[in-house]
Amino acid sequence: MTTHDSTPVTGSASDAAADTASASASADDRRAVTGKRRIAFAVYVADVGRLPGLQALLRSLALTNPALCEDVVVLHPGLPDAAFDAAHRLHPRLIPRTAAGRHDVFRLDDYDTVIALTPALVVLGRIDDLLRLRTGVAAVSRPGPDGVLDDGLLVIQRQDLGHPVPHAAAPDIPESLLVPLDSRYDFRALRLGDDLAVPDGVIVLNFAGTPTTCTGPAHEVRARHDLDDEAFRAAYLALPGAKHPDLLLHLALPFPDGSRPPIDLVRQLAEIHRGRGHHDLAVALLGEAVAGRPDLPRCHETLGVCLMALSRYEEAETHLLLATGSPDFAPRAYGQLARLAWLLGRTEDARGYALAGLESDPTDANCRAWYARTSEMVTAGASAPDTSPGEQLAHVALFAEGDENAGDKVLPEAVRSCFTADTGPGRWHQQHAHLLVDEDGLERLNARRAVIVGGGGLFLPDTAPNGNSGWQWNIPDDVLARITAPLAVFAVGYNVFDGQRYRRERFAASLRALVERSAFFGLRNHGSVARVRELLPASLREKVRYQPCPTTVARHLDARLTEPAVREDTVLINCAYDRAGLRFGHDYGHFLAEMAAAIRAISGAAEVRYAAHMPADERFVDDLRREHGLTLPVEPLYLLSNDAIRDLYRRTRLVIGMRGHAGMIPFGCGTPVISLVSHPKLAYFLADIDRPDWGVSVHERALGARLAERALAVLADHPGAVADVHDRQRTLWSVTRENLALLRELTRLPDPFDEPDPGAGPVLPAPRSATDEDRAAPSLRTAPPTP
């Protein structure tokens with residue numbers, strides 16, 4: 001997978017400060033793990049006289065591509081920091097760096113794709129196609145010795161240049177690396193003279209070599225981008241359609257003194273803050289905007305949701321009730337009210353809100369789901385098991401229902417299987433992680449034999465956010481401190497996405513309190529162990545242990561999951577679409593095309609079917625059919641029982657999955673897997689089992705060929721691949737058994753497994769094949785690890 005050298009082109013204190021600020025703004029950066037492609041624009045500014053051109057370029061880029069916002073690295077020979085103040089006002093991700101000349105655009109080693117521009121350019125249209133380029137050095141060909149390295153536009157793929165690029169005046173670009181661009185991406189204004197109009201379809205207009213005194217249609221086009229800050233901000237905000245959140249915040253805030261911003265703009269900005277977990281900023285914006293304005297239902301709804309995320313529940317309920325006054329927003333507001341009441345344990349109120357929402361709109365799916373859930377809770381509460389609380393274990397986790405994620409349905413049962421043979425309500429008290437732990441909830445937890453928290457990616461800030469902990473368990477620190485029952489965190493994952501922004505302060509404080517209080521603290525991969533240790537003081541770091549996800553050892557937990565006598569001649573594929581922008585970046589079209597090529601190649605050896613863990617996963621099937629004419633049969637796992645899910649994965653020959661549990665569940669059932677890596681957790685799991693080559697980044701340039709090669713190798717030597725899976729499991733099971741021996745001291749429960757404890761510590765991994773190490777080696781190691 002791709003790694004990056006983050007050394008600046010040349011060094012200075014201001015460069016380092018700018019780079020640090022940029023790194024902070026980009027939030028969680030795990031590109032070296034996911035292979036995610038990082039893109040930047042680069043502009044060389046030779047002197048202060050070129051700064052107006054830089055500013056016109058930035059304005060033109062924002063006004064023609066309002067949904068685009070990548071780093072803009074401004075290379076310069078040593079201009080003062082203040083020289084870039086005007087440019088900073090135009091773009092939130094401007095990074096000045098000193099450089100020897102324009103040729104240093106080839107040496108930005110901390111980026112994968114560099115689009116080199118000049119202050120002589122203005123952008124007149126969408127440049128999406130440039131962002132999708134993946135090979136070589138692309139440029140508009142021109143006659144002469146400097147046909148590429150002149151003052152025109154370049155799209156540079158750093159991977160193809162070698163690493164590092166020698167510090168010569170300009171690198172020698174082989175003819176084989178040059179990729180021709182259509183002239184519309186770098187059209188010379190000199191060709192137009194003073195009287196010809198700019199041709200339709202020109203995307204980038206280049207004014208290099210044109211006298212400043214010239215007039216005519218081309219110069220009128222450029223003059224349209226010579227705006228003062230206020231006019232530019234107004235022009236950007238008036239644009240229709242999607243805008244990049246970074247640009248929109250940067251150009252809208254702060255609001256001009258004395259102005260009353262449009263209420264729709266305020267709500268848009270609040271939604272951006274909400275999406276980034278800055279709920280306090282969203283509340284500050286909206287609270288002022290809706291003061292004395294009950295006639296703004298959409299804003300009251302957003303404000304209510306943000307207040308709920310801060311655990312300011314009373315205020316949230318007030319604003320959501322105001323939003324129900326509008327027929328257009330009542331169903332959505334009632335759905336949020338149902339969730340709020342459920343979080344607080346007010347099941348009957350939640351059911352009433354859901355019913356009110358259905359009365360407003362009988363087709364509202366969210367209200368229907370909440371009505372079904374709360375009705376089941378009322379029924380279940382009336383027939384609670386007659387078991388002494390002291391004989392039960394409390395289980396804090398996500399408990400999926402209905403059409404929710406299939407992996408989150410299987411996981412809680414797998415966790416419980418590690419402790420007791422009986423995984424039902426007689427032995428276990430279920431506490432959904434999102435429910436507020438109040439005084440009554442604390443009393444219920446303390447009445448149990450022990451409290452088990454996990455598994456799953458609970459360390460995630462934006463799934464059901466709350467102001468009490470900053471992660472998914474909704475428990476205030478003072479309540480956590482008063483848990484007297486033995487507390488164990490078991491197989492929890494740090495699930496922050498590559499590039500995801502979140503505020504670490506509340507999470508870090510809650511995490512510290514959790515580790516201090518826990519008698520056992522086990523995370524499901526070594527990547528999560530490392531990330532969580534980074535957030536803890538040195539005195540607590542050693543308490544963090546490795547505990548594999550129990551779904552990965554399902555064969556050892558359930559004697560029914562033996563190797564099937566005959567497997568179906570199928571390959572199952574799974575993809576995920578939550579936070580698609582963080583998963584795919586600008587590479588979704590590339591991913592889809594490469595997957596189509598891989599599926600065509602694999603289909604000659606087995607039937608390819610699609611395994612949907614939730615309804616949203618089926619977007620892949622729709623896009624594949626629309627864009628590439630391929631139709632895949634769908635297995636809707638979200639409609640199946642846990643046994644049926646495991647059985648489906650046990651009987652197939654190979655699973656190619658993007659969701660974490662689309663890899664871990666089949667692996668646990670003894671089925672070979674290949675991971676489509678779009679999240680660090682998939683790479684973390686493969687590293688734990690010492691099989692990083694079982695993963696292919698969704699950003700991999702040759703994704704289709706490499707995926708097909710690996711899949712066909714598995715199918716060609718399937719017994720060897722299965723044996724390799726079994727061998728990998730032995731280590732995970734040994735670690736789990738060792739941890740469970742410690743946990744039995746907390747739970748005071750007998751060992752639910754007949755086999756003796758390992759005793760001597762974790763078992764070392766066996767050879768790749770149960771019979772011959774060389775026999776299994778080609779099965780999945782047919783290509784080097786993903787770069």
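The chain is numbered in sequence order, starting from 1. Model, not experiment: these values are computed from the prediction.
- Using cut-offs of 30° and 60° on the angle between ring planes, the pair Tyr588 and Tyr577 is perpendicular.
- Minimum heavy-atom separation, Asp246 to Pro92: O-CG, 3.8 Å.
- Proximity of a side-chain donor or acceptor of Arg506 to a complementary backbone N or O of Asn468 within less than 3.5 Å is detected.
- A pairwise comparison of heavy atoms in Asn574 and Ala662 identifies OD1-CB, 3.5 Å as the closest pair.
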Side chain to side chain contact (heavy atoms under 4.5 Å, CB included) between Arg659 and Asp617, worked out: CA-CA 10 Å; Arg659 289 195 176 278; Asp617 292 359; 2.8 Å; yes
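- Residues that satisfy the side chain to side chain donor-acceptor pair (under 3.5 Å) test with Arg444, not counting sequence neighbours, are absent from this structure.
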Working for side chain to side chain contact (heavy atoms under 4.5 Å, CB included), residues Ile483 and Leu442: CA-CA 7 Å; Ile483 291 180; Leu442 175 64; 3.7 Å; yes
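- Here the side chains of Arg541 and Glu534 are not in contact, with every heavy-atom distance at 4.5 Å or above.
- In terms of heavy atoms, Gly522 sits closest to Phe520 at N-CE2, 3.6 Å.
- The main-chain N or O of Ser311 is never found under 3.5 Å from a side-chain atom of Asn466 such that the two would form a donor-acceptor pair.
- For Arg448 (side chain) and Gln392 (main-chain N/O), no donor-acceptor pair under 3.5 Å exists by modelled atom type.
- Side-chain contact between Leu743 and Gln547 is absent, with no heavy-atom pair separated by less than 4.5 Å.
- Within the model, atoms CG of Leu740 and CD of Glu745 stand 12.0 Å from one another, a figure rounded to the nearest 0.5 Å.
- Ion pairing of Glu271 with Arg274 is present here, as a side-chain N (NZ or NE/NH1/NH2) and a carboxylate O approach within less than 4.0 Å.
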CA sep, side-chain torsions, deciding dist, call: Ser417, Asp558, side chain to side chain contact (heavy atoms under 4.5 Å, CB included): CA-CA 8 Å; Ser417 296; Asp558 188 343; over 6 Å; no
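- Between Asp643 and Arg646 there is a salt bridge, with a side-chain nitrogen of the basic residue lying less than 4.0 Å from a carboxylate oxygen of the acidic one.
- When side chains are defined from C-beta on, Met658 counts as touching Phe591, because their heavy atoms get closer than 4.5 Å.
- With a 4.5 Å cut-off on side-chain heavy atoms, Leu487 and Leu480 count as touching.
- Closest approach of Phe753 and Cys418 over heavy atoms only: CE1-O, 3.7 Å.
- Between Phe620 and Leu592, some side-chain heavy-atom pair lies under the 4.5 Å cut-off.
- In this structure, the side chain of Asp587 does not engage the main chain of His590 through any donor-acceptor pair within 3.5 Å.
- For the 3.5 Å distance criterion, the side chains of Glu618 and Tyr638 qualify, holding a donor opposite an acceptor.
- Atom CG of Leu393 is separated from atom CG of Leu749 by 5.0 Å, given to the nearest 0.5 angstrom.
- Under the 3.5 Å distance criterion, the side-chain polar atoms of Arg416 are matched with a main-chain donor or acceptor of Thr423.
- Side chain of Thr671 to backbone of Tyr649: a donor-acceptor contact under 3.5 angstrom is found.
- One N or O on the side chain of Lys409 and one on the backbone of Gly402 form a donor-acceptor pair closer than 3.5 Å.
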Test log, rule salt bridge (Lys or Arg N to Asp or Glu O under 4.0 Å), inputs Asp112 and Arg38: CA-CA 5 Å; Asp112 303 291; Arg38 190 174 182 192; over 6 Å; no
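- Scanning all heavy atoms of the two residues, the minimum distance from Val283 to Cys306 falls at CG2-CB, 3.8 Å.
- Distance check, rounded to the nearest 0.5 Å: CD1 of Ile645 to CG of Leu637 gives 5.0 Å.
- Between Trp342 and His434, the two ring planes are perpendicular [angle over 60°; tilted spans 30° to 60°].
- Across Arg158, Arg37, Gln159, Glu70, a single residue satisfies side-chain hydrogen bond (donor to acceptor under 3.5 Å, both in side chains) together with Thr113, and that is Arg37.
- Contact annotation: the side chain of Val529 approaches that of Arg533 to within less than 4.5 Å [non-hydrogen atoms, C-beta and beyond].
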Thr420 and Trp428: CA distance, side-chain angles, deciding distance, side chain to side chain donor-acceptor pair (under 3.5 Å) verdict: CA-CA 9 Å; Thr420 61; Trp428 291 84; 2.9 Å; yes
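- With Phe584 as the aromatic partner, Arg619 does not meet the cation-pi criteria of under 6.0 angstrom to the ring centre and within 45 degrees of the ring axis.
- The residue from Ile689, Leu523, Leu732, Asp688 that alone fulfils the side-chain contact (heavy atoms from CB on, under 4.5 Å) condition with Pro548 is Leu732.
- Rounding to the nearest 0.5 angstrom, the gap separating the CD atom in Glu594 from the CD atom in Glu700 is 8.5 Å.
- Lys681 places no side-chain N or O within donor-acceptor distance of the main-chain N or O of Gly527, the cut-off being under 3.5 Å.
- Side chain of Arg312 to backbone of Leu307: no donor-acceptor contact under 3.5 angstrom is found.
- Looking at heavy atoms from C-beta onward, Val492 lies out of side-chain contact with Trp473 at the 4.5 angstrom threshold.
- Leu445 approaches Ala394 most closely through the heavy-atom pair CD2-CB, 3.8 Å.
- Atom NE2 of His432 and atom CG of Asn474 lie 11.0 Å apart (nearest 0.5 Å).
- The backbone N or O of His586 lies less than 3.5 Å from no partner atom in the side chain of His699, so there is not a single donor-acceptor pair.
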Verdict with reasoning, Arg512 to Leu540, per side chain to side chain contact (heavy atoms under 4.5 Å, CB included): CA-CA 8 Å; Arg512 184 165 58 250; Leu540 293 176; 3.6 Å; yes
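- Taking the six-membered ring for Trp and thresholds of 30 and 60 degrees, Phe667 and Phe685 have ring planes more than 60 degrees apart, a perpendicular arrangement.
- At a threshold of 4.5 Å between non-hydrogen side-chain atoms, the residues Trp694 and Asp724 count as touching.
- Note on ring orientation: taking the six-membered ring where Trp is involved, the planes of Phe507 and Tyr494 are tilted (angle from 30° to 60°).
- Once rounded to the nearest 0.5 Å, the distance linking CD of Glu635 with CG of Leu572 reads 6.5 Å.
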